[in-house]
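So the structure is just underneath, and the comments pick up after that.
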Amino acid sequence: MSVMSPRSPAKTPPAPPLLPALPRAGRRYLRLGTEDRDVLWLYLLTRAALWSIAYGARWLFPADAGTHDPGPVLAPFERWDWGHFLNVARDGYFPDGRGPWDAEWDNREAFFPGFPLVLRAVHTVVPHWTAAGLLISFVAGGIAVLALARIARLYLPDEGAGQRTVQLLLISPCAVFLAAGYSESLFLALALAAWLAAHRRNWPVAATLAALATTVRISGLFLAAALALHFVLTARTRAHWRPLPWLALPALPAALYAWYLHAYTGDWMAWKHAQERGWYRHFHAPWETWNTTWDSAFDQVLATGYAYMLQAELLAMAVGLALAVLLVRRRRWPEALYVGLSLWALGTSYWYQSIPRATLLWWPLWITLAAWTLRSPRFRTAYYCLATPLSTLFALTFLTGRWTG
């Protein structure tokens with residue numbers, strides 16, 4: 001069986017290079033089996049490990065080496081993008097008439113409203129903002145790993161394939177972002193559930209979940225494109241084509257957000273312009289972006305901390321390109337489209353940013369790696385030996401405020 005071949009029932013005609021549609025299972029589909037419980041146990045253990053690293057980081061790597069106070073217990077998670085999510089949830093996008101016309105504006109409209117809205121809702125129950133954000137990621141991450149395990153079991157016939165796939169994700173270098181108050185966990189929970197619903201041909205549910213994912217990250221539009229392609233490739237009868245209008249639903253949140261920003265700024269492209277002002281996401285040809293990132297990473301242009309992170313960006317882009325090529329060769333067209341759109345969006349800025357974090361959202365990567373580790377014990381050992389220290393290093397880098405240098 002090939003690495004990415006899904007299981008098919010015996011004595012059936014050859015299926016197209018896509019997962020077969022799953023039968024609707026009702027409540028039984030929501031029940032947790034033995035492997036599901038093992039996946040959740042693994043998830044809890046890795047959360048405990050990351051929280052232990054966060055606790056130690058406060059004491060061992062304080063901003064002031066001579067301090068006697070390690071600071072608030074949740075302070076390590078209050079880094080970088082968390083501040084933007086918090087500002088939007090607490091104050092809104094344009095508080096007191098401030099906005100991109102102010103010189104010191106923080107460009108918070110670059111962040112989609114899904115996560116801040118959930119954060120504001122949870123805050124009504126959990127008064128501490130950071131604790132509320134961590135709770136969202138904790139719950140959403142649990143849903144995401146359950147969905148990922150079930151998707152992996154559809155592709156791989158090996159016993160324990162789902163648990164292995166989740167394990168590789170949870171010890172990956174950027175796994176700390178699944179525990180922080182960031183949007184990755186919430187997006188994955190919605191996107192992977194949408195992918196499962198699509199393979200059950202429950203297109204209204206799949207489209208609704210994809211629309212919710214689009215409120216969280218722009219990557220929801222890439223997911224919607226992959227779902228649309230999957231729909232076209234699997235529709236065989238007139239009845240199969242009837243849910244087609246649902247596939248337009250994921251575009252609605254992005255359109256409404258653009259309309260909202262236009263109402264305040266007069267700019268239909270306010271989201272993109274915020275990205276450009278704050279994160280240099282002006283369009284550049286892919287080879288120009290690669291060259292700029294390479295020169296900044298290795299030509300001693302930047303301080304070593306920044307250069308190291310750009311080296312990680314280059315490696316993540318190389319992994320993404322290899323994954324896209326593999327998916328095309330395996331004729332996994334919807335997944336190839338999803339990864340390809342992500343690479344295009346991330347690979348056409350001034351230089352690479354956030355690509356290592358984006359690997360968390362490429363579920364075909366973790367299924368492919370799981371297949372390889374199940375076939376080759378040596379590859380499994382090599383992955384664990386390389387990924388585990390990198391995961392610890394990246395976690396410390398983020399938790400001590402050194403993620404971008």
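Only heavy atoms go into these numbers, but all of them, side chains included; no hydrogens, no water, no symmetry mates. A quick note: this is a predicted structure, and the numbers were derived from the prediction, not measured.
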Are more than 12 heavy atoms, taken from residues, nucleotides or ligands other than [X], located less than 6.0 Å from that residue's [atom1] atom?
X	atom1	answer
W101	CH2	yes
W129	CH2	yes
W241	CH2	yes
R329	CZ	no
F298	CZ	yes
E159	CD	no
F94	CZ	yes

pair [X]-[Y]: side-chain heavy atoms closer than 4.5 Å:
X	Y	answer
R277	E109	yes
S172	W366	yes
Y338	R332	no
V39	L42	no
F222	V339	no
L188	L178	yes
H128	P72	no
P113	Y257	yes

Does the side chain of [X] come under 3.5 Å of the side chain of [Y] through a donor N or O and an acceptor N or O?
X	Y	value
S342	W362	yes
R378	S376	no
Q167	Y384	yes

I'd like to check the ring-ring contact (aromatic ring centres under 6.0 Å, His included) partners of F115; sequence neighbours left out, ordered by chain and number. F85
Under the ring-ring contact (aromatic ring centres under 6.0 Å, His included) test, residues paired with Y352 that sit two or more places apart: none
Quick one, T208 with W246, criterion side chain to side chain contact (heavy atoms under 4.5 Å, CB included). Give me CA distance, side-chain angles, the key distance, then yes/no. CA-CA 8 Å; T208 301; W246 281 97; 3.9 Å; yes
Candidate pair H240 and W203, rule ring pair (Phe, Tyr, Trp, His ring centres under 6.0 Å), full reasoning: CA-CA 10 Å; H240 289 165; W203 294 107; 9.7 Å; no
Ion pair present between R98 and D91, side-chain N to carboxylate O less than 4.0 angstrom? no
Single hit among T293, T292, L315 for side chain to side chain contact (heavy atoms under 4.5 Å, CB included) with L310: T293
Using 30° and 60° as the class limits, which term best fits the ring planes of F283 and W344: parallel, tilted or perpendicular? tilted
When the ring planes of H230 and W195 are compared, do they come out parallel, tilted or perpendicular, using 30° and 60° as the limits? tilted
Ring-ring centroid check [X] [Y], cutoff 6.0 Å:
X	Y	value
W363	Y155	no
H282	Y350	no
Y264	Y260	yes
Y43	F138	yes
W271	F112	yes

Would you say the side-chain atoms of D102 pair up with the backbone N or O of E104, donor to acceptor, closer than 3.5 Å? no
From the list F77, F187, Y182, ring-ring contact (aromatic ring centres under 6.0 Å, His included) partner of F177 resolves to Y182
